[in-house]
Amino acid sequence: MERYFRALNKTRDKLLRLQNVVGLGIGHKEIGSENTGEPAFIVYVEKKLPVENLMRGHVVPEKIGGLNTDVVEIGVVRALGVRTSRERPAQPGVSIGHYKSTAGTFGAVVKDKQTKELMLLSNNHVLANGSSIQEARAKPGDPILQPGPYDGGTLKDRIGTLLRYVPLEKSVARSDCPVASSVARGGNFLLNIVKRDYEIRFYKRFSTENTVDCALAKIDSIDLVAPSILEIGDITGVAEAKPGKKVQKSGRTTGLTNGAIKSVGTVLQVEMDKDEKVWFSDQVVTELISQPGDSGALILDQERKAVGLLFAGSDKLTIFNRISNVMDRLGFEF
């Protein structure tokens with residue numbers, strides 16, 4: 001192996017000047033997908049091209065100084081921060097957010113079912129700031145930024161405007177009832193005589209359930225986005241989620257991850273914000289890894305068919321809406 005490193009130092013500059021070559025290293029030669037275990041120069045190219053398409057003198061030799069070479073197509077190598085930086089055109093999988101929100105994931109480019117106009121898909125709590133029936137925190141026409149405000153996005157990074165969303169229905173929320181507020185003030189006055197650090201609050205319970213957390217944004221200009229999902233590619237259709245099915249997503253925080261579906265038809269309570277708990281039904285639970293900031297990512301199967309919209313998760317599992325519910329409620333198609 002030592003002689004490979006010595007040879008690499010001697011020939012590095014010459015090889016890197018070859019057309020299409022973007023990197024070099026020392027590794028094992030592969031034939032097909034089989035590792036031969038034989039040391040080789042690994043020559044990385046953006047795309048493998050036929051020899052006849054390359055200029056004379058720009059073909060990677062089979063051997064250099066008697067040592068083997070192996071040409072590997074690596075594609076375009078980008079800094080990992082790409083998902084949280086400003087990208088034009090922006091691809092699904094990068095940071096996005098309502099101008100008063102933090103940041104989530106740009107899920108997909110979809111078509112309005114009536115007008116066929118292209119739209120941006122993500123969660124309500126990403127594009128509409130978590131608006132609920134009890135409290136509207138956004139309105140149509142509000143600026144949508146790429147990257148989202150948490151990642152440094154400002155109004156100069158506007159990529160579109162909020163078009164429509166499905167409001168969330170809270171399960172538990174702080175009461176805005178005047179009578180309850182008056183009782184709380186009186187109770188706090190008496191309580192603070194003996195316990196200064198304590199406070200009485202009233203909460204209201206709601207018996208409703210949600211099936212989706214979703215919103216659409218209108219794109220300012222079609223050349224600002226590219227529909228192909230980062231590290232996954234083009235969407236090929238729509239499919240149903242089934243237990244055991246392998247799925248994948250491209251998210252702002254954890255990038256490309258894969259996992260199997262653990263359950264469907266799931267009902268569970270989700271903490272959307274401090275003091276806000278919301279019940280969801282007809283949800284899908286997967287072993288796919290995600291973290292805060294991945295919300296809004298499209299979930300696809302291994303054939304790149306859309307099966308859901310990621311919106312929540314724990315340290316161990318991820319939760320997503322069924323894509324058919326999202327499409328029905330927002331009125332779009334792929």
| Quick one: OG1 on T154 to OH on Y99, what's the gap to the nearest 0.5 Å? | 13.5 Å
| note | CG (L168) and CD (E135) are apart, to the nearest 0.5 Å, by 11.0 Å
| message | Same cluster or not: L54 versus V45, using hydrophobic residues (I, L, V, M, F, W, Y) connected whenever any side-chain heavy atoms lie under 4.5 Å apart? | response | no
| field | side chain to side chain donor-acceptor pair (under 3.5 Å) partner of Q283, the single match among T266, N321, N210 | value | N321
| field | Donor on one side chain, acceptor on other, Q248 and R304, under 3.5 Å | value | no
| By ring-ring contact (aromatic ring centres under 6.0 Å, His included), which residues pair with F41, not counting sequence neighbours? | Y4
| task | Evaluate whether atom NZ of K316 has more than 12 neighbouring non-hydrogen atoms of other residues, nucleotides or ligands under 6.0 angstrom away. | result | no
| request: Answer yes or no: is there a donor N or O on one side and an acceptor on the other, between the side chain of R83 and the main chain of G251, under 3.5 Å? | output: yes
| Are any non-hydrogen side-chain atoms of Q302 and N258 less than 4.5 angstrom apart? | yes
| request: Hey, could you give me the CG/CG distance between L127 and L121, rounded to the nearest 0.5 Å? | output: 8.0 Å
| Quick one: are N68 and E62 in side-chain contact, heavy atoms under 4.5 Å? | no
| query | Does V43 belong to the same Ile/Leu/Val/Met/Phe/Trp/Tyr cluster as L49, with side-chain heavy atoms less than 4.5 Å apart forming each link? | reply | no
| said: Run the side chain to side chain contact (heavy atoms under 4.5 Å, CB included) test on L118 and V225 for me, step by step, so that the C-alpha distance in whole Å, both residues' side-chain angles and the decisive distance to 0.1 Å come before the verdict. | reply: CA-CA 10 Å; L118 296 181; V225 300; over 6 Å; no
| note | Which of T318, T254, T257 passes side chain to side chain contact (heavy atoms under 4.5 Å, CB included) with Q291? Answer is T254
| note | CG (L298) and NZ (K249) are apart, to the nearest 0.5 Å, by 11.5 Å
| Crowding at CZ, R12 (>12 non-hydrogen neighbours, <6.0 Å) | no
| request: Given side chain to side chain contact (heavy atoms under 4.5 Å, CB included), test K242 with I261 step by step and report yes or no. | output: CA-CA 7 Å; K242 296 178 181 177; I261 291 175; 5.8 Å; no
| Partners of N53 by side chain to side chain donor-acceptor pair (under 3.5 Å), sequence neighbours excluded? | none
| Main-chain N/O of D112 paired to E117 side chain as donor or acceptor, under 3.5 Å | no
| Under 3.5 Å, is there a donor-acceptor pair between the side chain of K245 and the main chain of E240? | yes
| request: Kindly indicate whether the side chain of V278, heavy atoms from C-beta on, has any atom under 4.5 Å from the side chain of E169. | output: no
| Without hydrogens or angle criteria, can the side chains of T211 and N325 be said to hold a donor-acceptor pair below 3.5 Å? | no
| query | Between E87 (side chain) and V94 (backbone), is there a donor-acceptor pair under 3.5 Å? | reply | no
| request: Verify whether one side chain among S101 and R137 offers a donor that lies under 3.5 Å from an acceptor in the other. | output: no
| message | Are the side chains of I319 and V270 in contact, using a 4.5 Å heavy-atom criterion? | response | no
| message | Quick check against the 3.5 Å criterion: does T36 have a side-chain atom that pairs as donor or acceptor with the backbone of K29? | response | yes
| field | pair I64-L15: side-chain heavy atoms closer than 4.5 Å | value | yes
| task | Taking all heavy atoms of L162 and all of A215, pick out the closest pair and write down the distance. | result | CD1-CB, 4.3 Å
| remark: Per side chain to side chain contact (heavy atoms under 4.5 Å, CB included), L300 is matched among V247, V307, I235 by I235
| task | Look at the side-chain heavy atoms of Ile, Leu, Val, Met, Phe, Trp and Tyr, link any pair under 4.5 Å apart, and say whether F311 and V284 land in one connected group. | result | no
| request: Indicate yes or no: at least one non-hydrogen side-chain atom of H58 is less than 4.5 angstrom from one of V21. | output: no
| note | Correct closest heavy-atom pair for S295 and V126 would be O-CG2, 3.7 Å
| Short question: side chain of T286, backbone of F320 - any donor-acceptor pair under 3.5 Å? | no
| note | Nearest heavy-atom approach of C214 to V326 is CB-CG1, 3.8 Å
| task | Verify the neighbour count for atom CZ of R329: are there more than 12 heavy atoms of other residues, nucleotides or ligands below 6.0 Å? | result | no
| said: Minimum heavy-atom separation for T84 and P147, please, with both atom names. | reply: O-CB, 3.5 Å
| query | Is R164 reaching over with its side chain to a backbone N or O of L330, donor-acceptor style, under 3.5 angstrom? | reply | yes
| said: To check you understand the geometry: which heavy-atom pair defines the closest contact between S122 and G107, and what is its length? | reply: CB-N, 4.5 Å
| note | E333 and K113 have their tightest heavy-atom pair at OE1-CG, 4.0 Å
| said: Within the 4.5 Å heavy-atom criterion, are R158 and L145 side-chain neighbours or not? | reply: yes
| At what distance, to the nearest 0.5 angstrom, does NE2 of H98 lie from OG1 of T161? | 10.5 Å
| request: Check whether any side-chain heavy atom of V110 lies under 4.5 Å from a side-chain heavy atom of M119, and answer yes or no. | output: yes
| task | Output yes when a side-chain donor or acceptor of N124 lies under 3.5 Å from a complementary backbone atom of S131, and no otherwise. | result | yes
| field | Common cluster, L67/V71, ILVMFWY with side-chain heavy-atom separation under 4.5 Å | value | yes
| In terms of side-chain geometry, is the basic nitrogen of D142 or K100 positioned less than 4.0 Å from the acidic oxygen of its partner? | no
| query | Heavy-atom count around I289 CD1 within 6.0 Å, excluding the residue itself: above 12? | reply | no
| F334: what forms a ring-ring contact (aromatic ring centres under 6.0 Å, His included) with it, not counting sequence neighbours? | F332
| note | Value for CD1 (I219) from CD (Q146), rounded to nearest 0.5 Å, stands at 12.0 Å
| field | N123 and its side chain to side chain contact (heavy atoms under 4.5 Å, CB included) partner, picked from T105, L310, V212, L309 | value | L309
